[in-house]
Amino acid sequence: MEELNQVLTQRRQKAQELAELGVNLYANDFKPAHRINDILAKNDNSDAPLEEGVKSVAGRIMALRKFGKAAFVQIQDETGRIQVYVKRDELGVEVYQIFKKLDVGDIVGFGGVLFRTQTGELTIDAASLKPITKSLRPLPEKFHGLTDVETRYRQRYVDLIMNPEVRDTFRKRVEIIRLIREFLINRGFMEVETPMMQAIAGGATAKPFKTHHNALGMDLYLRIAPELYLKRLLVGGFEKVFEINRNFRNEGLSTRHNPEFTMLEFYQAFATYEDLMDLTEEMVSYVAAEVTGSMTVSYQGQEVDLSPPWKRYTMDEALVEVGGVDPAVLADLDCTRQFAKEKGITLEPLSGHGKAKTELFELLVEEKLINPTFVTQYPTEVSPLARRNEKNPEVTDRFELFVTGREIANAFSELNDPIDQKERLTKQIAERGNDEEIFPEMDEDFVRALEYGMPPAAGEGIGIDRLVMLLTDSASIRDVILFPHLRPESK
RNA sequence: GGGUCGUUAACUCAGUCGGUAGAGUAUCUGCCUUUUAAGCAGAGAGUCGCGCGUUCAAGUCGCGCACGACCCA
């Protein structure tokens, strides 16, 4: 138990004194009839007469300016803040006695009629007062608020009380997800739920979290991707499915990585990756316009234009046009490898042309793609689950979407040839066989599903956290996750 | 994993050359019935992240650790 300092002790004493005055410190019998923002909105014209009648609101005291026998109180509910004017002569001596023991941070209810102060501020003239919840801890200072990022993440509840822009970011996050759902459902997609705990962590290459099921006596992994299950649903005959849910990857934390993060994955039968480029353009620009009211967003000082159509490059085109690479270098494997080496890239002896190009792309091109850009024709070598291009089997019918230099989406026409798929998975497993933190295993059931026949389809994953970062101008993924992972507090 | 920076009152921050710690807000007391970071007068409040070392003396210098931020891998 934390030792009580002076301030905490005084709060507890006040709470005791209020209790002795007959106040229920944690009452739950006050039903506010109005929300603060509604009152503000309906009375925002300073020339028009104010609404008549008693308003009742409940919220947290955020500021308290006390005079001898009167006071101005700022109270905040979920929707906003309003000022309340409290007078001893109106409330009566006994109620005012109780009022004087209230603190910033307490939750109270007020009833009264509206008026404007001499400076024109809309104010409730309190006729009644109801203490609802006593706060035993002081809020941060009123001018600077709470700025310490560690405390903001560890005590998000205080962050949310103090920082309206943080509340706004998380409202936008919810809205973005709602709009995506609506968009997909309106186009005939069905939202599904697939296992978060999987016996084989497939669908991506990443280190999984391991857990154990006692009754079954077996290890399970938290999923790194839902992909292989969503494809099983295509086999089952559902033609347009999506899932918005958490993936878990047992890797480092950074401004762009949280061990659990939210992915949208969707799959559409009889569609190609080109269809998904159109859909993605439409969906993201629609969501952006709805959430921000504009097709251009400012991200960390950069202007980003989201209006469609978006630029589309093949990887080779992007290397030449954006990365400034000589086309002759890309034409020949040895030239490409040599060029990559000059750029400081170390390649495994067995890695081929595609791997070299992808490394060069990451180094020379990615960070330059500020406005939304689709990059297509990813090498087959780095795309184990994607369908080969009919004309050039070295590349796949795949794209990634980049905005502000970051990957936002990854999509491809899905490989549905079970023989090819099994070979590629076998190769992939062999390649990562030495990493003890990855648990490679052939998903025989997935291959069996493909053997029944999966309709041709295209699928896509969109990192929701990164999309929310873009649309809320947030520098860190921790600013768009309510409770980001941190190390335990020391002590 | 490496580098840089940070950690001082509940919050936001100062702290000089190493000499036993300061401000504003918040809190407490008194005055104050239209304030807007309300005002005036007074008071209390600190394990200077943790540990070890150097020194007569450490918030300050050194080393280690913890937590966080940013950059790099």
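The analysis underlying the following values was restricted to heavy atoms, covering all of them including side chains, and did not include hydrogens, waters or symmetry mates. Naming: A, B, ... by sequence-line order, numbering from 1 per chain.
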Side chain of A/T147, heavy atoms from C-beta onward: which of B/C13, B/A37, B/U35 has the nearest atom to it?
B/C13
Have a look at A/G252 and say if it touches a base, only the backbone sugar-phosphate, or nothing, with a 4.0 Å heavy-atom cut-off.
nothing
Is the phosphate of B/A38 approached by A/K142 (side-chain N or O, under 4.0 Å from OP1 or OP2)?
yes
Nearest to the side chain of A/E150, which nucleotide is it out of B/U36, B/C67, B/U34?
B/C67
Using both distances under 3.5 Å as the test, list the Watson-Crick or G-U wobble partner of B/C70, or none.
B/G3
Give me the distance, rounded to whole Å, that separates B/A14 from B/C72 when you measure between the C1' atoms they each carry.
33 Å
C1'-based separation of B/A43 from B/C48 [nearest Å]
23 Å
What is the pairing partner of B/U16, taking Watson-Crick or G-U wobble pairs with both distances under 3.5 Å in any strand?
none
Please report, rounded to the nearest Å, how far the P atom of B/U25 is from the CG atom of A/D103.
18 Å
Just to confirm, is there a sub-4.0 Å distance from OP1 or OP2 of B/A10 to any side-chain nitrogen or oxygen of A/R137?
no
Base, sugar-phosphate alone, or nothing: which one does A/L139 contact when heavy atoms must sit under 4.0 Å apart?
nothing
Quick note, A/Y153 side chain, CB onward, closest among B/U25, B/C28, B/A69 is B/A69
Between A/Q13 and A/E17: side-chain donor-acceptor atoms closer than 3.5 Å:
no
Can you find a pair of side-chain heavy atoms, one from A/K87 and one from A/D125, that are under 4.5 Å apart?
yes
Between P on B/A26 and CZ on A/F143, what's the gap in Å once rounded to a whole number?
12 Å
For atom CD of A/E165, is the number of surrounding heavy atoms from other residues, nucleotides or ligands below 6.0 Å larger than 12?
yes
Whole-Å distance separating the CD atom of A/E17 from the C1' atom of B/U29:
13 Å
Whole-Å distance between B/G39 P and A/K69 NZ?
20 Å
Can a side chain N or O of A/R65 be found less than 4.0 Å away from OP1 or OP2 on B/U35?
no
So what does A/T151 hit on the nucleic acid, given a heavy-atom distance under 4.0 Å: a base, only sugar-phosphate, or nothing?
nothing
Would you measure the distance from the P atom in B/G24 across to the matching atom in B/G1 and give it in whole Å?
44 Å
May I ask you to verify if any side-chain N or O of A/R487 is less than 4.0 angstrom from the OP1 or OP2 atom of B/A66?
no
Between B/C65 and B/A73, how far apart are the P atoms? Round to whole Å, please.
24 Å
Let's test this: given Watson-Crick or G-U wobble pairing with both distances under 3.5 Å, identify the partner of B/U55.
none
Go through the side-chain N and O atoms of A/R398 and A/S383 and say whether any donor and acceptor fall under 3.5 Å apart.
yes
Under a 3.5 Å cut-off for both distances, is B/A38 Watson-Crick or wobble paired, and to whom?
none
What is the separation between atom OH on A/Y85 and atom C1' on B/C32, rounded to the nearest whole Å?
11 Å
State whether the distance check finds a donor on one side and an acceptor on the other, under 3.5 Å, for side chain A/T119 versus base B/U34.
no
Take the protein atom CZ of A/R154 and the nucleotide atom P of B/A66, then report the distance between them rounded to whole Å.
14 Å
Do A/T280 and A/E460 get their side chains close enough for a donor-acceptor pair, meaning under 3.5 Å?
yes
Integer angstrom distance from the P of B/A57 to that of B/U20:
14 Å
Check A/D334 with A/R337, please: is the shortest side-chain N to carboxylate O separation under 4.0 Å?
no
Inter-nucleotide C1' distance (B/G15, B/U54), Å rounded:
22 Å
With P as the reference atom in both, quote the distance from B/U60 to B/G53 in angstrom, rounded to an integer.
14 Å
Watson-Crick/G-U partner (both atom distances under 3.5 Å) of B/G64:
B/C50
Starting from P on B/C32, measure out to CZ on A/F72 and report it in whole angstrom.
17 Å
Can you tell me if A/S474 and A/R173 form a side-chain donor-acceptor pair at under 3.5 Å?
no
Could you check B/U20 for me: syn (within 90° of 0) or anti?
syn
Taking CZ from A/R81 and P from B/U36, how many angstroms apart are they, rounded to a whole number?
16 Å
Side chain of A/T117: nearest nucleotide among B/C11, B/U36, B/G68?
B/U36
Could you tell me which nucleotide pairs with B/A26 by Watson-Crick or G-U wobble geometry, both distances under 3.5 Å, or answer none if nothing does?
none
Side-chain atoms of A/R478 come closest, of B/A69, B/U25, B/U36, to B/A69
A/V7 or A/A475, whichever maps to the more 5' nucleotide of RNA chain B:
A/V7
Taking the same atom, C1', in B/G49 and in B/U7, what whole-Å distance lies between them?
6 Å
Using a strict threshold of under 4.0 Å (side-chain N to carboxylate O), is an ion pair present between A/R154 and A/E150?
yes
Taking only N and O in the side chain of A/Q118, is any of them less than 4.0 Å away from OP1 or OP2 of B/U35?
yes
With a centroid cutoff of 5.5 Å and a plane-angle limit of 30°, would you call A/F67 stacked on B/C32?
no
